[in-house]
Amino acid sequence: MKKRILVTGGAGFLGSHLCKRLLSEGHDIICADNFFTGAKENIASLLNNPYFELLRHDVTFPLYVEVDEIYNLACPASPVHYQFDPVQTTKTSVVGAVNMLGLAKRTKAKILQASTSEVYGDPEVHPQPESYRGAVNPIGIRACYDEGKRCAETLFFDYYRQHNVNIKVMRIFNTYGPNMNPNDGRVVSNFIVQALKDVDITMFGDGKQTRSFCYVDDLIDGMIKLMNSRDGFTGPVNIGNPVEFSMLELAELIIKLTGSQSKLVFQPLPQDDPLQRQPIIELAKKELDWEPRIKLEEGLIKTIEYFKGIIHA
Ligand code: NAD
Ligand code: UDP
Ligand code: UDP
């Protein structure tokens with residue numbers, strides 16, 4: 001059945017892949033984005049499809065459209081961008097959630113929230129199950145993002161309990177792939193761009209901190225499976241790749257795959273930078289029959305191809 005689907009943040013990295021996938025499944029898509037970190041290039045190939053509609057819209061303002069499903073992805077995701085205007089970041093998560101939940105309540109649409117592993121902060125429990133409540137510094141420089149996303153989860157569960165809104169909350173762990181913004185300072189894009197340009201690779205701290213990286217195609221599979229999951233399953237559910245790498249291992253692999261001459265330079269670790277992060281994905285396996293398939297090396301090769309194309313363009 002053709003569904004009318006709103007994707008907020010649809011011109012961003014994850015949103016653009018999601019719009020493309022949903023269109024290919026035959027749905028009617030409204031993409032709402034204020035282009036803070038998103039790019040028209042990410043969705044240029046969709047613009048001549050009559051079932052793709054682009055709205056320049058900021059989710060901190062109300063939006064009245066008629067839809068069946070809402071994927072709420074609008075929010076800058078990289079530390080450089082979400083710390084650029086931290087007040088706007090909190091507003092985007094909190095006021096944006098109120099508006100999209102109000103829209104879902106009025107239209108009886110199902111609504112999925114792109115939450116984040118950052119709700120766990122710098123975790124004292126490793127790896128992280130959904131039941132872990134997190135260790136976030138509420139007054140630190142990451143709080144605009146972390147606490148904004150935590151408050152958005154609160155709003156989702158209160159609209160669920162108070163107004164019976166059909167919610168799905170997804171905690172996304174570090175994801176990478178084509179359409180990442182080359183300037184957003186995330187580690188995978190930074191290292192690849194630096195390696196391709198043969199300039200120094202900026203390693204923050206001693207490089208022993210870890211992350212678990214999920215390739216975007218796997219992530220989008222999980223997102224769509226969550227939206228289509230059984231009635232009453234709200235999450236929150238972790239979606240990410242549980243294979244953990246240190247930033248040193250990541251840099252070595254990218255240097256190998258690009259054949260780069262780049263050397264590592266060590267710079268101070270940013271404030272509140274989590275030392276380790278790895279999802280427990282048992283809930284996603286059980287409820288969604290989902291687990292990631294694409295190994296880091298395979299995903300990096302595709303991502304490197306993408307960056308080669310835009311760097312030399
Ligand atoms: P992105 O920055 O590429 O995309 C975010 C999009 O939201 C951009 O197109 C941006 O222009 C838009 N946007 C920002 N503020 C807006 C506003 N007020 N109104 C309308 N649009 C706005 O980031 P992404 O990696 O695609 O992340 C998408 C979502 O997934 C975000 O909510 C992010 O918090 C979440 N997430 C991503 C990751 C990851 O590793 N990529 C991890 C955890 C959570
Ligand atoms: N809203 C929206 N689109 C809609 C319905 C509501 O953007 O189709 C916004 C509106 O700004 C409202 C918010 O969502 O303030 C919350 O809506 P809700 O119905 O929960 O609360 P109320 O209207 O009572 O403030
Ligand atoms: N990082 C790094 N060099 C960079 C960018 C990031 O060493 O040029 C580190 C960063 O300090 C963090 C990890 O890589 O420990 C992941 O950073 P990213 O910003 O991609 O994601 P997040 O910290 O939000 O998980």
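Read the numbers this way: they start at 1 and go in the same order the structure lists the ligands and their atoms. Note that the coordinates shown come from a computational prediction; the quantities given were computed from them, not determined experimentally.
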Polar-atom distance check: [X] versus ligand 1, any N or O pair below 3.5 Å?
X	value
Thr60	no
Asp33	yes
Leu14	yes
Pro76	no
Thr37	yes

inquiry  = If the contact criterion is a heavy-atom separation under 4.0 Å, does Arg142 count as touching ligand 3?
reply    =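 Arg142 counts as a contact of ligand 3 under the 4.0 Å cut-off.
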
ask   = Can Gln267 be said to touch ligand 3, with heavy atoms closer than 4.0 Å?
value =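 Contact absent.
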
task = Compute whether any side-chain donor of one residue and acceptor of the other, for Glu153 and Ser115, lie under 3.5 angstrom apart.
result =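 Yes, Ser115 and Glu153 have a side-chain donor paired with an acceptor closer than 3.5 Å.
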
query = Of Lys108, Arg106, Lys3, Arg4, which is the lone residue that meets salt bridge (charged side-chain N to carboxylate O under 4.0 Å, His left out) with Glu66?
reply =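 The salt bridge (charged side-chain N to carboxylate O under 4.0 Å, His left out) with Glu66 is passed solely by Arg106 among Lys108, Arg106, Lys3, Arg4.
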
key: Numbering as shown, the atoms of ligand 3 that approach Glu118 to under 4.0 Å (heavy-atom distance)   =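 What qualifies from ligand 3 is 24 (O).
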
inquiry  = Could you tell me, atom by atom, which parts of ligand 3 come under 4.0 Å of a heavy atom of Asn174?
reply    =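 Contacts of ligand 3 toward Asn174, numbered from 1: 21 (O), 22 (P), 25 (O).
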
Is it the side chain, the backbone, both or neither of [X] that has a heavy atom closer than 4.0 Å to ligand 1?
X	result
Gln88	side chain
Ser115	backbone
Arg186	side chain

Which ligand 1 atoms, with their elements, are less than 4.0 angstrom from a heavy-atom of [X]?
X	answer
Val59	17 (C), 18 (N), 19 (N), 20 (C)
Asn174	40 (O)
Gly38	8 (C), 9 (O), 10 (C), 11 (O)
Gly9	6 (C), 7 (O), 9 (O), 12 (C)
Phe35	11 (O)

message = Measuring from non-hydrogen atoms of Lys149 to any atom of ligand 1, is the shortest distance under 4.0 Å?
response =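 Under 4.0 Å: yes for Lys149.
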
Applying a heavy-atom cut-off of 4.0 Å, say which part of [X] lies close to ligand 3: side chain, backbone, both or neither.
X	answer
Ser78	neither
Asp273	side chain
Gln209	side chain
Thr202	both

query = Any N/O of Leu269 closer than 3.5 Å to an N/O of ligand 3?
reply =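 N/O-N/O distance under 3.5 Å: no.
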
query = Closest heavy-atom contact between Asp33 and Phe36?
reply =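 Heavy-atom minimum between the residues: OD1-N, 4.3 Å.
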
query = So, Glu118 and Arg142, do they make that salt bridge, N to O below 4.0 Å?
reply =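 So Glu118 pairs with Arg142 through a salt bridge.
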
Side-chain ion pair, Glu305 and Lys302, N-O less than 4.0 Å =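 Salt bridge absent between Glu305 and Lys302.
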
request  = Please work out which of the three classes, parallel, tilted or perpendicular, describes the rings of Tyr176 and Phe213, given edges at 30° and 60°.
outcome  =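 It falls in the perpendicular class, over 60°.
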
key: Those protein residues which place at least one heavy atom below 4.0 Å from ligand 2   =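 Within 4.0 Å of ligand 2, protein side: Pro62, Leu63, Tyr64, Val98, Asn99, Gly102, Leu103, Lys105, Arg106, Tyr159.
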
ask   = Does Phe157 have any ring pair (Phe, Tyr, Trp, His ring centres under 6.0 Å) partners at least two apart in sequence or in another chain, and if so, which?
value =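 None.
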
